[in-house]
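Notes to accompany the following structure.
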Amino acid sequence: MTLQQLRYVIKIVECGSITEAARRLFISQPTLSTAVKELEAELGIEIFYRTPKGISLSADGTEFLSYARQIIEQTQLLEQRYTNKKPSRQLCSVSTQHYAFAVNAFVNLISSLEADEYEFTLRETRTYEIIEDVANMRSEIGILYLSSFNEKVLKKLLKENALRFTPLFDAIPHVFIHSGHPLAGRKQVALEDLDDYPFLAFEQGTFNSFYFSEEILSTAPHKKTIHVSDRATLFNLLIGLNGYTICTGVLNRDLNGDNIVSVKLETDERMKVGLISHEKVPFSASASRYIEELKTLITEYGYSCCD
């Protein structure tokens, strides 16, 4: 076993593809595939499952990756200490539902860095893909919510993928609407008050089940529904069509301006927003700092972080 082989495995996981990893490593795909197969043969385990749709980590591969990353990180520390090699670029990947506070924490993290080089990834994506990203180690952290409606299904899926859910805060559902919306001056609205306005929801692709919806109360009937794939489009439609969406109510004016306001929704439901991470993999230093930024922001927004 060589350090180079460990770096190869880590790069494949980061890229999610042997072809892309080979391109970034400036080696041929057969060379990379052969190196991984030789490592698997030496260890007597299958690190990657290979299918026509691509690759994914096996259970053994997930455990192996956690050790490989620790070894490479320690090697880098030794090189910095004794060969005056410059610090390696910091890495961190996060997959999240469409939350402004997750972006804000990411901004704060990067702004606080003193590193000359870094390579971070922030994916605002679908619920099922968040779980897939963390399960396959493409992301260290996932951010999503649980409710009385989806908790049983999502927790079962998390358990099957050896993932843990760590609560961040309990959110009271709100609606985001345009500041010029007829209901913008209300302190609280009911779903019936919104009946004549378009409901905006993030589409979930193949896994477009109510259980994977980003919007709580997903089974409530709506006369007008528009599915979107990104937050910028959703905000434009909130303004252009007097639409609304259901969310945590956490809104950052520095990033989103004053055109969108948050109004409390009349409901007893709650959203338990939290982190998902792999049971066997410790957080990197950058991931730990990102979590601290999240907790700081949540407190600043007036919520209490969960213990």
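Every value quoted in this text rests on a predicted model; they were computed, and no experiment measured them.
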Nearest-0.5 Å distance that lies between atom [atom1] in [X] and atom [atom2] in [Y]:
X: Leu168; Y: Ile291; atom1: CG; atom2: CD1; value: 8.0 Å
X: Leu237; Y: Leu200; atom1: CG; atom2: CG; value: 5.5 Å
X: Ile143; Y: His98; atom1: CD1; atom2: NE2; value: 12.5 Å
X: Ser148; Y: Arg270; atom1: OG; atom2: CZ; value: 10.5 Å
X: Leu39; Y: Ile47; atom1: CG; atom2: CD1; value: 4.0 Å
X: Leu109; Y: Ser288; atom1: CG; atom2: OG; value: 10.5 Å

Using a strict threshold of under 4.0 Å (side-chain N to carboxylate O), is an ion pair present between [Y] and [X]?
X: Arg289; Y: Glu292; value: no
X: Lys224; Y: Asp195; value: no
X: Lys272; Y: Asp170; value: yes
X: Glu20; Y: Arg24; value: yes

Any residue meeting ring-ring contact (aromatic ring centres under 6.0 Å, His included) with [X], in chain and number order, not counting sequence neighbours:
X: His178; answer: none
X: Tyr303; answer: Phe169
X: Tyr290; answer: Phe106
X: Phe149; answer: Tyr211

Where [X] and [Y] come nearest, the two heavy atoms and their spacing:
X: Cys305; Y: Thr299; value: SG-OG1, 3.9 Å
X: Arg164; Y: His278; value: NH1-O, 3.1 Å
X: Val263; Y: Ala184; value: CG2-O, 4.2 Å
X: Glu203; Y: Ser229; value: OE2-CB, 3.7 Å
X: Glu293; Y: Ser112; value: OE2-OG, 4.3 Å
X: Ile130; Y: Gly142; value: CG2-CA, 3.7 Å

Does a side-chain heavy-atom distance below 4.5 Å link [X] with [Y]?
X: Gln5; Y: Val36; answer: no
X: His174; Y: Gln188; answer: no
X: Val189; Y: Arg186; answer: yes
X: Leu144; Y: Ile276; answer: yes
X: Ile131; Y: Leu158; answer: yes
X: Leu32; Y: Lys11; answer: no
X: Tyr128; Y: Leu154; answer: no
X: Arg231; Y: Tyr99; answer: no

Checklist outcome for this item: Residue pairs passing the salt bridge (charged side-chain N to carboxylate O under 4.0 Å, His left out) test with at least one member in residues 294-303, sequence neighbours excluded, are none
Item to check | Pair listing, salt bridge (charged side-chain N to carboxylate O under 4.0 Å, His left out) test, anchored in residues 39-48, at least two apart | outcome: Glu40-Arg50
Item to check | Stepwise side chain to side chain donor-acceptor pair (under 3.5 Å) test for Ser111 and Asn108 | outcome: CA-CA 5 Å; Ser111 298; Asn108 291 349; 5.5 Å; no
Next on the checklist: Please tell me whether Tyr244 and Phe176 form a close aromatic pair, meaning their ring centres lie under 6.0 Å apart.
Outcome noted: no
Checklist entry - Should Thr96 and Glu124 be marked as a side chain to side chain donor-acceptor pair (under 3.5 Å) after you check the CA-CA gap, both sets of side-chain angles, and the distance that decides it? => result CA-CA 5 Å; Thr96 176; Glu124 283 193 328; over 6 Å; no
Next on the checklist: For a side chain to side chain donor-acceptor pair (under 3.5 Å) check, start with the C-alpha distance between Ser213 and Glu215, then their side-chain angles and the critical distance, and finish with the verdict.
Outcome noted: CA-CA 5 Å; Ser213 173; Glu215 299 76 30; 3.1 Å; yes
Could you work out, with salt bridge (Lys or Arg N to Asp or Glu O under 4.0 Å) as the rule, every residue matching [X], not counting sequence neighbours?
X: Glu129; answer: Arg126
X: Asp268; answer: none
X: Lys187; answer: none

State yes or no: do [X] and [Y] share one hydrophobic cluster built from I, L, V, M, F, W and Y residues joined by side-chain heavy-atom distances below 4.5 Å, directly or via other members?
X: Val103; Y: Leu113; value: yes
X: Ile298; Y: Ile172; value: no
X: Met137; Y: Tyr49; value: no
X: Phe283; Y: Tyr67; value: no

Checklist entry - Would Phe64 and Val9 satisfy side chain to side chain contact (heavy atoms under 4.5 Å, CB included), going step by step from the backbone distance to the final call? => result CA-CA 9 Å; Phe64 173 79; Val9 171; 4.1 Å; yes
Item to check | Verdict with supporting geometry, Tyr197 and Leu183, side chain to side chain contact (heavy atoms under 4.5 Å, CB included) | outcome: CA-CA 11 Å; Tyr197 302 103; Leu183 301 175; 4.0 Å; yes
Would you say [X]'s side chain and [Y]'s backbone share a donor-acceptor pair under 3.5 angstrom?
X: Asp230; Y: Ala232; value: yes
X: Ser139; Y: Asp133; value: no
X: Thr75; Y: Ile71; value: yes
X: Ser218; Y: Phe210; value: yes

Side chain to side chain contact (heavy atoms under 4.5 Å, CB included) involving [X] - partner list, sequence neighbours excluded:
X: Thr34; answer: Glu38
X: Thr267; answer: Pro173, Leu217, Leu265, Glu269
X: Ser304; answer: none

Item to check | Full working for side chain to side chain contact (heavy atoms under 4.5 Å, CB included) between Phe48 and Ser56 | outcome: CA-CA 5 Å; Phe48 294 108; Ser56 61; over 6 Å; no
Checklist entry - Any chance the side chains of Glu140 and Ser277 put a donor and an acceptor closer than 3.5 Å? => result no
